[in-house]
Structures are given as C-alpha cells and as structure tokens.
Amino acid sequence: TYTAPANGYVQVIQTNSADGYCNLYHFAQSMVQVPSGKSVKVYIPVEKGGVFTYAYTGRNASNANNAFRFYYLTGEN
C-alpha cells in the first residue's frame, strides 16, 4: 500500500518469464494480464493523499521484473 505525495499518476511496468497478472487498485481495479516474456505498462490517476495498492500474481513471481514510478501533475512538485 502506498500514499500519493501529490496529484499525479502512478506507473507500473511489469515483465515476467511466465503468465501472470498485474493489479493496481485505487478507486477502481486495473487488472492487466502479463503474457509470458512480455511487458505491460499500467497508469492510474491519484490525488494527493490517495492510497493505492499494487500486486502481482503469477507463476515464477520471484523472477518477475517490475518498475514503479510516480509522475507529478504540472505545478504539483
């Protein structure tokens, strides 16, 4: 669980060696399938102080690579 430091967007990039699912939750769930050997990017808007959760499930989850980034809206940082 994370808390947004300002108004902006959360980005998750997920790559996996086996099929799995990338889930990003805020007001609504954003569930994306990650095909074996492929990468996906997921973005969700969040407001300052908004709480969101990221989870990955799938085979070989310990071999999955991911990146997590917060993008500030213009004038918010």
Side-chain angles (χ1 to χ4, degrees):
T1 300
Y2 304 92
T3 302
N7 295 325
Y9 286 83
V10 175
Q11 175 198 51
V12 173
I13 301 172
Q14 182 70 55
T15 304
N16 193 25
S17 59
D19 292 340
Y21 292 91
C22 170
N23 296 292
L24 196 52
Y25 306 91
H26 186 43
F27 289 117
Q29 177 180 353
S30 176
M31 183 175 186
V32 178
Q33 182 178 8
V34 184
S36 180
K38 302 293 182 181
S39 294
V40 295
K41 290 183 183 178
V42 178
Y43 294 86
I44 61 167
V46 292
E47 77 283 353
K48 182 176 182 176
V51 176
F52 56 95
T53 303
Y54 171 72
Y56 174 79
T57 57
R59 297 182 319 202
N60 298 328
S62 61
N63 294 330
N65 298 313
N66 62 57
F68 177 87
R69 185 169 183 170
F70 182 83
Y71 289 95
Y72 290 88
L73 288 179
T74 302
E76 289 290 322
N77 53 355

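These numbers come from the heavy atoms of this one structure, side chains and all, not from hydrogens, waters or symmetry mates. All residue numbers refer to positions in the sequence shown, counting from 1.
- Residues passing the side-chain hydrogen bond (donor to acceptor under 3.5 Å, both in side chains) test with Y2, sequence neighbours excluded: none.
- Between T3 and F52 the shortest heavy-atom distance is C-CE2, 4.1 Å.
- Heavy atoms from other residues, nucleotides or ligands lying under 6.0 Å from CZ of F68 number more than 12.
- Minimum heavy-atom separation, A6 to F70: O-CZ, 3.1 Å.
- Residues forming a side chain to side chain contact (heavy atoms under 4.5 Å, CB included) with K48 (at least two apart in sequence, or on another chain): N7.
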